[in-house]
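Reckoned from all heavy atoms, side chains included, excluding hydrogens, waters and symmetry mates. In what follows, every chain begins at residue 1, and chains take the letters A, B, ... in the order their sequences are listed.
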Amino acid sequence: MSILVNKDSRVLVQGFTGKEGTFHAQQCIDYGTNIVGGVTPGKGGQIHLGKPVFGSVQEAVEALQADVSIIFVPPAFSADAVMEAADAGIKVIICITEGIPVSDMMLAKKFVQKKGAILIGPNCPGIISAEEAKIGIMPGFVFKKGNVGVISKSGTLTYEAANQVVQAGLGITTAIGIGGDPIIGTTYIDLLKLFEEDHETKAIVMIGEIGGDLEIQAAKYIKENITKPVVAFIAGQTAPKGKRMGHAGAIIAGSKGTAKEKMDALEAAGVHVVASPAEIGKKVKDILG
Amino acid sequence: MNIHEYQAKQIFASYNIPIQDGITIEDANDAREAAEKIGGDFWVLKAQIHAGGRGKGGGVKFAKSIEEVEKYASDILGMTLVTHQTGPAGRLVKKLFIASGVDIKKEYYLGMVLDRTAEMPVMMASTEGGMEIEKVAAETPEKIIKVGIDPLIGFRAFHARKLASGLHLSAEQMKHFGKFAKALYEVYSNNDASLIEINPLVLTGEDTFLALDAKMGFDDNALYRHPDLKNMRDLDEEEPTELEASKYGLSYVKLDGNVGCMVNGAGLAMSTMDIIKLNGGDPANFLDVGGVASTETVAKGFEIILEDPNVKAIFVNIFGGIVRCDRIANGILEATEKIDVKVPLIVRLDGTNSSEAAEILKRANIKNIITATDLADGAQKAVKAAEGIRS
């Protein structure tokens with residue numbers, strides 16, 4: 001089992017014929033993901049990577065019954081692409097693009113929620129359900145199949161954590177990069193709930209970072225609702241205040257959003273918090289035996 | 001991106017938000033003419049730098065005569081202003097805003113910022129004008145009135161009423177405040193602002209409101225659609241190395257330690273700093289070279305890190321995904337040919353083809369390259385190397 005996406009997901013690529021879209025769609029196809037086609041406005045009717053291209057998401061959904069979409073369009077057009085996907089009835093929308101204006105996402109997120117769809121990202125590496133579907137830009141081989149779920153704000157740190165879990169002799173059910181922007185479509189809580197319900201997932205790794213309070217909201221939720229063990233790491237323990245650390249959302253505003261306050265809240269909620277990013281895999285192994 | 005007070009006031013004025021009349025000068029010899037043009041018999045002179053606390057540092061003066069205006073102008077222009085926000089090095093004052101004195105009845109605070117939890121902008125008002133608002137929030141949070149503004153409906157009359165009632169305004173004052181606040185929301189949303197602060201917002205002798213100060217910051221990701229704002233960017237206010245890095249798509253933040261860090265990905269870059277600290281060292285910087293660590297970005301990364309004379313060792317921590325480690329290893333070797341790296345270079349390459357990468361580095365047999373097997377090993381070796389201990 002896995003959450004959100006699996007081998008039967010019918011995946012559409014928005015921004016299919018662009019450089020990024022082409023490269024990563026091919027990688028996803030090679031992994032075995034069921035990519036059914038793509039969308040590039042003005043290029044409908046073409047065949048790209050052996051799959052049909054449509055001019056709009058609506059046309060692609062009608063022709064292919066696609067239910068998942070991955071977005072590789074430039075930041076100025078991304079919010080529009082997200083809303084187009086939701087409007088066409090796509091259920092899981094994954095937006096990889098970094099650099100989308102906050103005010104665009106504020107509205108796009110509300111629209112997606114109204115349509116009952118799930119948005120992952122933006123500014124994220126995507127989702128991978130090990131050995132079933134890779135709908136993202138992560139290196140697939142790292143994510144060997146197993147029973148650990150991963151939820152993370154980061155890209156390469158997620159690969160690092162997954163690699164540690166695999167090196168410890170375990171594996172991954174599904175790993176989700178939720179994104180490093182100030183407003184993101186899906187937060188820890190929604191995914192913690194899905195992992196709690198997933199029979200195959202035995203433990204959850206949660207990777208956070210400075211900025212905002214999503215980790216603190218998650219801590220409250222875990223305390224009341226999650227029975228499975230959760231291992232957490234928060235990046236940015238040494239980050240200075242008021243400086244943006246790469247991700248648009250990774251900033252300590254005033255004295256809010258520090259790693260310490262997040263680690264303390266998670267610890268108080270019974271989460272296994274590791275101070276060192278090198279201890280994630282080992283900690284999961286200690287708990288699952 | 002942040003802008004100066006006088007620039008924020010220009011934007012305010014274009015939305016009919018009342019501001020103090022004023023003139024910005026760069027040469028103290030222009031002070032007399034400016035003061036005469038403004039008129040009156042009482043002026044305020046304010047240093048224009050992107051930092052709060054200017055008054056305490058001596059960057060704000062009140063003048064009761066033209067002679068005082070001239071004296072203070074030559075004092076402030078060219079001074080190095082140190083405030084709690086500039087750090088000990090301070091900031092050179094190149095611009096001075098001269099404005100007419102204002103008849104102040106009462107001072108308030110009015111601000112706007114993104115509420116990340118509610119996922120909408122929030123407008124905040126307080127009767128504690130002129131105070132440090134962070135302090136008010138920490139000590140007397142009940143004195144800050146907040147209204148979240150759903151972008152689907154925009155700023156409405158009830159938002160204004162809620163704020164005005166919290167400020168205990170009279171009916172007449174409330175009318176004027178409502179217009180002011182609505183215009184401020186428009187300034188915020190039309191310009192993709194990330195922050196506006198008016199501290200103080202003043203109630204004048206005529207019972208009208210006026211922005212005595214103004215601070216504005218913007219969403220960098222939205223600047224592409226505001227060419228007029230881009231022109232307001234003052235590069236003198238930015239950290240030169242960070243600016244240089246950003247030109248090459250690198251994200252760099254300077255810190256105080258001696259272990260330089262070069263990492264792919266922001267989360268892993270922050271974690272690398274953390275693990276150096278856990279091993280008893282101090283990171284010299286945050287540096288994200290992006291998901292694809294190419295020869296060019298790695299070379300530029302070395303150059304930027306080595307501009308900091310405190311750096312005694314560099315920890316290159318790369319998790320190779322789709323970009324294979326053997327290619328990154330070759331990139332690092334090429335980069336070291338371009339840039340003369342004299343300090344020990346601790347290289348940890350993990351992920352796709354990591355063993356081939358280790359082989360490439362070993363064969364190259366470069367004296368100051370130390371290979372590491374994983375994150376913990378790399379951090380330990382980097383901290384030791386920075387202390388001058390060869391491992």
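Only the backbone of A:I234 comes within contact range of chain B, judged by heavy atoms closer than 4.5 Å. The part of B:D150 that comes within reach of chain A is its side chain, from C-beta onward, which places non-hydrogen atoms under 4.5 angstrom from that chain. Both the backbone and the side chain of B:A376 come within less than 4.5 Å of a heavy atom in chain A. Looking at A:I184, the atoms closer than 4.5 Å to chain B (heavy atoms on both sides) all sit in the backbone: N, CA, C or O. A:Q237 touches chain B through backbone and side chain together, each having a heavy atom under 4.5 Å away. With a 4.5 Å cut-off on non-hydrogen atoms, A:Q167 does not touch chain B at all. A:Y159 touches chain B through backbone and side chain together, each having a heavy atom under 4.5 Å away. At a 4.5 Å heavy-atom cutoff, the contact between A:A76 and chain B is made by backbone and side-chain atoms alike. Proximity to chain A (any heavy atom under 4.5 Å) is shown, for B:Q85, by neither the backbone nor the side chain. Contacts between B:L250 and chain A at a heavy-atom distance below 4.5 Å are absent for every atom of the residue. In this structure, the portion of A:Q217 lying under 4.5 Å from any heavy atom of chain B is its side chain and not its backbone. For chain A, no part of B:L223 is nearby; none of its heavy atoms comes within less than 4.5 Å.
Note on A:E279, A:E209, A:H24, A:Q164: by heavy-atom pairs under 4.5 Å with chain B, the leading option is A:E209. Counting heavy-atom pairs closer than 4.5 Å to chain A, the top residue among B:K277, B:E242, B:M120, B:R225 is B:R225. Note on A:P125, A:G140, A:G99: by heavy-atom pairs under 4.5 Å with chain B, the leading option is A:G99. Comparing B:L375, B:L268, B:D274 by how many heavy-atom pairs each has under 4.5 Å with chain A, the most go to B:D274. Here A:G211 is the residue among A:G211, A:G155, A:A259 with the most heavy-atom pairs under 4.5 Å with chain B.
The side chain to side chain donor-acceptor pair (under 3.5 Å) check on A:K262 picks up A:E215, with sequence neighbours excluded. Checked against side chain to side chain donor-acceptor pair (under 3.5 Å), B:E134 has no partners two or more places apart in sequence or in another chain.
Counted within 6.0 Å of CG on B:D256, heavy atoms from surrounding residues, nucleotides or ligands total 12 or fewer; the atom is thus considered open. Counting heavy atoms of neighbouring residues, nucleotides and ligands inside a 6.0 Å radius, atom NZ of A:K285 exceeds 12 of them. Within a 6.0 Å radius of CZ in A:F77, no more than 12 heavy atoms belonging to other residues, nucleotides or ligands are found.
Atoms CG and OG1, from B:D288 and A:T156 in turn, are 7.0 Å apart once rounded to the nearest 0.5 Å. For the atom pair OG of A:S276 and CD1 of B:I275, the computed distance is 3.5 Å after rounding to the nearest 0.5 Å. For the atom pair B:M270 CE and A:I210 CD1, the distance stands at 5.0 Å (nearest 0.5 Å).
Taking 4.5 Å as the heavy-atom cut-off, the residues of residues 101-113 of chain A that approach chain B are A:P101, A:V102, A:S103, A:D104, A:M106, A:L107, A:K109, A:K110, ordered by number. Listed in order of number, the residues of residues 238-251 of chain A that approach chain B to under 4.5 Å between heavy atoms are A:T238, A:A239, A:P240, A:K243, A:R244, A:M245, A:G246, A:H247, A:A248, A:G249, A:A250, A:I251.
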#### Entry: Pair B:N221-A:I100, side chain to side chain contact (heavy atoms under 4.5 Å, CB included): steps then yes or no
CA-CA 6 Å; B:N221 290 341; A:I100 304 174; 5.8 Å; no

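The shortest non-hydrogen separation linking A:L157 to B:S271 is CD2-OG, 3.2 Å. Scanning all heavy atoms of the two residues, the minimum distance from B:L114 to A:P182 falls at CD2-CB, 4.1 Å.
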